[in-house]
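Since we're looking at a predicted model, the values are computed, not measured. FYI, the numbering just counts along the sequence from 1.
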Amino acid sequence: MKHDIPHDLEIPLAKLAARRAADAYAQRFAGYDYRQRWSSETRLELGFTVMGKRLEGIMDVEPRKLVLELEVPFMFKVFQGKAIEIIEREAKVWLAKARRGELSE
């Protein structure tokens, strides 16, 4: 499943916001074997385990949007919307902080 999270930031600032959101996910999902890795300057690979099943995804930082792709096993499709909602909500918090100038490296 693919989902866009719009933003109005320059790429470096959007990437910083995405990095901070990913770090917040690490705290929030600590009990779910959360893992993250930047595979390129603008691509974050992330994943966590729920009920013995691994959910994997990527977040690409693009001009005007973060593109989230989440691979959800069939038995978890009912929770897909909730997972996207949680990830988007956290990303929007950090994008707003970046927009207000509250983030620094």
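Rounded to the nearest 0.5 angstrom, Asp4 CG and Asp60 CG are separated by 10.5 Å. To the nearest 0.5 Å, atom CG of residue Leu70 and atom CE of residue Met1 are 8.5 Å apart. A distance of 8.0 Å separates CG of Asp23 from CH2 of Trp94, quoted to the nearest 0.5 Å. With rounding to the nearest 0.5 Å, the separation of CG in Leu95 from CG in Leu16 is 10.0 Å. For the atom pair Arg37 CZ and Glu45 CD, the distance stands at 4.0 Å (nearest 0.5 Å).
Residue Leu103 comes nearest to Ala17 through the heavy atom pair CD1-CA, 3.9 Å, listed as atom of the first residue, atom of the second, then distance. When every heavy atom of Ala24 is checked against every heavy atom of Glu90, the shortest pair comes out as CB-OE2, 3.3 Å. In terms of heavy atoms, Ile11 sits closest to Pro63 at CD1-N, 3.3 Å.
A donor-acceptor pair under 3.5 Å is absent between the side-chain atoms of Lys15 and the main chain of Val61, judged by distance alone. Remark: the backbone N or O of Ile87 is paired with a side-chain donor or acceptor of Tyr25 at under 3.5 angstrom. Distance alone, capped at 3.5 Å, is enough to place a donor-acceptor pair between the His7 side chain and the Glu62 backbone. Using a distance-only test at 3.5 Å, with no hydrogens or angles considered, no donor-acceptor pair links the side chain of Arg43 to the main chain of Ile58.
The shortest distance between side-chain heavy atoms of Leu44 and Trp38 falls below 4.5 Å. The shortest distance between side-chain heavy atoms of Gln36 and Met59 does not fall below 4.5 Å. The shortest distance between side-chain heavy atoms of Tyr34 and Arg28 does not fall below 4.5 Å. The shortest distance between side-chain heavy atoms of His3 and Glu88 falls below 4.5 Å.
Clustering ILVMFWY residues whenever any of their side-chain heavy atoms sit less than 4.5 angstrom apart, transitively, puts Leu13 in a cluster other than the one holding Val67.
A side-chain hydrogen bond (donor to acceptor under 3.5 Å, both in side chains) with Asp8 is found for exactly one of Arg99, Lys65, Arg64, namely Arg99.
Within a 6.0 Å sphere centred on CD of Glu10, other residues, nucleotides and ligands contribute 12 heavy atoms or fewer.
Below 30°, between 30° and 60°, or above 60°: for Phe29 and Phe48 the angle between ring planes is below 30°, a parallel geometry.
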